[in-house]
Amino acid sequence: MKAANLEFNGKAFKRFYVTDLDEMVKCCHLLLDSKATRLGLDIETSKKIKFLNFVPVKKGNRTIGPAPGLCPLLSDIRLIQIFDPIQNAVYVFDAMKIPLWRNSCLFRSFLTERKFIAHNGVFEIKHFTHNSYPNMHIDCSMLLTILVDRAERSPFEPEEEDEDEPADGMAKYKKTGYGLDAVIGRLYGCRVEKAFQTSDWNRLELSKDQINYAALDAVLTYRVGRDMMEKVLEYKMLKAYTVLRDMQHVVADMELTGIAIDKKQHNSLIKEWEKQHAENTIECTKRFKKVNLNSSKQLNAWAKEKYPEAFWCRYWPKTKASTEENQILSFGKDTLKEVIDTIERRFKQRSNALLALLEYKKFGKLLSTYGETLAAITHPSTGRVHCSFIIGETRTGRLSSREPNLQNLPRDKSVRRLFIAPDAKHLLVADYSQIEIRTAAALSKDPVMTNAFIKGIDLHKYIVKMCFGWKMKDITKEQRQMGKAINFGYEFRMGWKKFARYALTSYGVKITDEQAKHTFDTYHSLYRVYSAWCEAEYRKCERLGFVRTPLGKIRKLLPEEQYTRSVNTQVQGGAAEAIMLALIYFRKEMPKGCKLISTIHDEIIVECDQQKPEYKDLLEKCMVKGFQDVFPEAPICGLVEASYGRTWADAKQ
DNA sequence: AAAGGCAGCGCG
DNA sequence: AAAGCGCGCTGCCTTT
């Protein structure tokens, strides 16, 4: 076996290209026997022959949805690159030349027994899971890097001075993002060539440059992982990291499984929306003529022409960017409603144009986001929607979701009904009840909040009772909504002025300044201990310059961020950590008939073969356990609500 | 032509 | 002195 001698950034390493069985056996033994605690890992993928001609969906100038080469269902593992830091050697296994997946006990034990480290481990885990290795130990140098970065940098950090540009005029390295090239640039100040990433990995004979590129990535991943792990330990974030590491498998499973869509229903819904939208557009062109209704600039011109300056100057809310000299009117839904209301009250007129505009916007948004775009990204081979879940990027520790974002679907039943269980399956949906208030109660040990949870008192009703003296049993749905606004607003240190506006625009409830102040005072005297805790946490954060979530994830905060985010990070982050533990527990224990589908901050969706009470009990048990791990002393009565249904809409009670 | 900022909207 | 938080997607508009 011939070794190539390579180097990066002044450090040399050997590279072996493994193309036959004897070589593979030898390398597997070497790697199994290596004294290294972790091995660097990277893979390159080729397109499955069947999908060679598959064209990913274009949206504007970029492609979205499933892509051969990225999606495990559309691609094969071509190369597996393993870096052994003890031998200082990379072994590049070529799956097109060796039958890696066919009953090779040696290769199997190598993959299952060793610990690896990869950059964006979810990618590797998805591919290995799809090839029947669902539980490999893979640390992620990207997750480690992000954790360290969040502890060391705030997004409001002033830009660092540009150093002298290199002679070739190219920027030295990317300042944003967590791709391996960007990370290497920021950590070690050197550039990595990434052009080969998209080269042709389907050809039987790979070029030397391709093989060397592939090998290098495994080395770099290892170096980043080793260095960042050291920092994570130094910052005492191992516990937080371990949760993220285990979440990789949950996310990989959910992304591979996807969620089924009712195509017929979707098509008829699109037709319905299009009809409505066409009618609204006609109605609007009558009143707005040639104005582009999606352009706030053109709408500004239109409004300033139509209404007297004295009116829009005084009564029309302005955007954030608006200045004294250049006033920019806001055209958001809430402000439009406000303006319509003002016109009606003060001038006894119906603003038909603005009312039509509201309707136009509503269906325009639905069509552009959940119309053909959604249909286009359903997977060609599964017919389901496979979104990506992103771990570790949000500043509190929540997951986020992309392509499509399944976490901000309209609550409207017509949309949620599109997400279904396929024939003979069922959806199990469970959510934490009032998780953020529970978390606040647990962190601060506020006795009033805690007692309410023990006794099962509805906190949203309770707060309006205390504010306005209404009787619990008489409180209407709308009044309870107001309670929600009070609880969520003041929990995260909103001021009474903003609350007054918030109540008006979001709930249409007009309250005077005096009343707003009263709700503020009532909240803070009722939850005295929580308020004091918030203040104490703020002081602590002021001293330290950062805040920690319950499991220890650090978020650096600049002084101007500290007042609100010191509290919010702990509450939201703690809730996120609880549900992540729940997901990890459930994945470990769930029976064959269950598949994790999705999670939305306080909610978990599972696809089941039957409506068995055992499944539901297990999910509830795991969610309780996850919560208790983070908040051992918190009450758990009424913590989880779960139910079955055929669609997402009707599985939620 | 591509990239980034902003406003606006949906969710928890 | 005063201070809700956390996301992603779409379309428009400006800059490169």
Side-chain angles (χ1 to χ4, degrees), chain A residues 59-62 64 155 176 291-300 317-322 328-336 357-358 361-371 373-374 377 387-390 393-412 415-416 431-437 439-440 484-499 501-503 505-506 520 523 534-535 538 547 549 555 557-576 579 598-603 652:
Chain A
K59 179 92 187 182
N61 46 29
R62 60 191 192 94
I64 55 168
T176 56
V291 175
N292 179 347
L293 302 169
N294 296 320
S295 161
S296 35
K297 202 185 166 188
Q298 291 181 36
L299 284 173
N300 256 273
K318 317 291 185 294
T319 65
K320 222 169 70 188
S322 182
I328 309 170
L329 312 185
S330 169
F331 278 86
K333 194 181 66 180
D334 292 343
T335 46
L336 278 180
L357 179 60
L358 270 177
K361 283 183 161 223
K362 188 174 143 199
F363 287 93
K365 173 81 183 176
L366 284 172
L367 269 172
S368 65
T369 316
Y370 304 106
T373 350
L374 182 59
I377 56 181
C387 75
S388 317
F389 293 93
I390 292 103
E393 279 199 8
T394 66
R395 303 195 178 259
T396 54
R398 277 183 171 182
L399 296 188
S400 64
S401 148
R402 263 205 297 252
E403 284 184 359
N405 181 356
L406 288 181
Q407 296 178 328
N408 71 343
L409 239 48
R411 261 175 307 195
D412 187 308
V415 179
R416 298 219 172 184
D431 62 331
Y432 283 123
S433 141
Q434 308 188 65
I435 186 71
E436 292 202 333
I437 309 182
T439 307
K484 260 185 168 171
I486 295 173
N487 276 328
F488 292 133
Y490 294 141
E491 174 169 1
F492 299 129
R493 317 200 84 182
M494 191 188 265
W496 61 262
K497 266 191 179 154
K498 189 155 188 178
F499 176 77
R501 214 186 126 67
Y502 178 44
T505 56
S506 304
F520 183 92
Y523 180 92
C534 287
E535 196 57 23
Y538 168 46
V547 63
T549 62
R555 179 181 183 186
L557 292 172
L558 296 186
E560 64 268 31
E561 305 175 82
Q562 289 164 357
Y563 182 83
T564 52
R565 290 175 182 165
S566 55
V567 172
N568 181 268
T569 305
Q570 297 186 62
V571 173
Q572 199 181 102
I579 200 165
S598 180
T599 173
I600 307 102
H601 311 310
D602 63 352
E603 177 176 343
K652 285 209 90 169

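Side-chain atoms are counted along with the backbone in the values below, which use heavy atoms only and exclude waters and symmetry mates. All chains are named by letter (A, B, ...) in the order of the sequence lines, taking the proteins before the strands, and each is independently numbered beginning at 1.
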Inter-axis angle, terminal five-pair segments of the helix from dA1(B)-dT16(C) to dG12(B)-dC5(C) [nearest 10°]: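 It comes to 0° between the two terminal axes.
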
Contacts of type side chain to side chain donor-acceptor pair (under 3.5 Å), residue Glu561(A), not counting sequence neighbours: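 Expected list: Ser154(A), Arg565(A).
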
Contacts of Phe389(A) that satisfy ring pair (Phe, Tyr, Trp, His ring centres under 6.0 Å) - sequence neighbours left out: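 If we apply the ring pair (Phe, Tyr, Trp, His ring centres under 6.0 Å) test to Phe389(A), skipping adjacent residues, there are no hits.
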
Ring pair (Phe, Tyr, Trp, His ring centres under 6.0 Å) partners of Tyr563(A), counting only residues at least two apart: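 Testing Tyr563(A) for ring pair (Phe, Tyr, Trp, His ring centres under 6.0 Å), a comparison that skips the adjacent residues, returns Tyr538(A).
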
For [X], which contact category applies under a 4.0 Å heavy-atom criterion: base, sugar-phosphate, or nothing?
X         : answer
Glu403(A) : sugar-phosphate
Tyr538(A) : base
Thr373(A) : sugar-phosphate
Arg501(A) : nothing

So, using side-chain contact (heavy atoms from CB on, under 4.5 Å) as the criterion, who are the partners of [X] when residues are at least two apart?
X         : answer
Asn408(A) : Tyr370(A), Asn405(A)
Lys333(A) : Lys337(A), Leu358(A)
Thr373(A) : Lys59(A), Ile64(A)

Test salt bridge (Lys or Arg N to Asp or Glu O under 4.0 Å) applied to [X] - qualifying residues, sequence neighbours left out:
X         : result
Glu491(A) : none
Glu535(A) : Arg493(A), Arg539(A)
Arg411(A) : none

Expected output: side-chain Gln562(A) to main-chain Leu557(A) donor-acceptor under 3.5 Å: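 Here the side-chain-to-backbone pair exists.
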
Test item: Gln407(A) side-chain N/O and Thr599(A) main-chain N/O as donor-acceptor pair under 3.5 Å: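 Side chain of Gln407(A) to backbone of Thr599(A): a pair is present.
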
Per-nucleotide protein contact string for nucleotides 4-12 of chain B (B base, S sugar-phosphate only, - none; heavy atom under 4.0 Å): ---SBBBSB

5′-ward residue of the pair Arg402(A)/Thr396(A) relative to DNA chain C: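 That would be Thr396(A).
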
Start and end of chain A contact along DNA chain C [non-hydrogen atoms, under 4.0 Å]: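 The contacted stretch runs from dA3(C) to dT14(C).
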
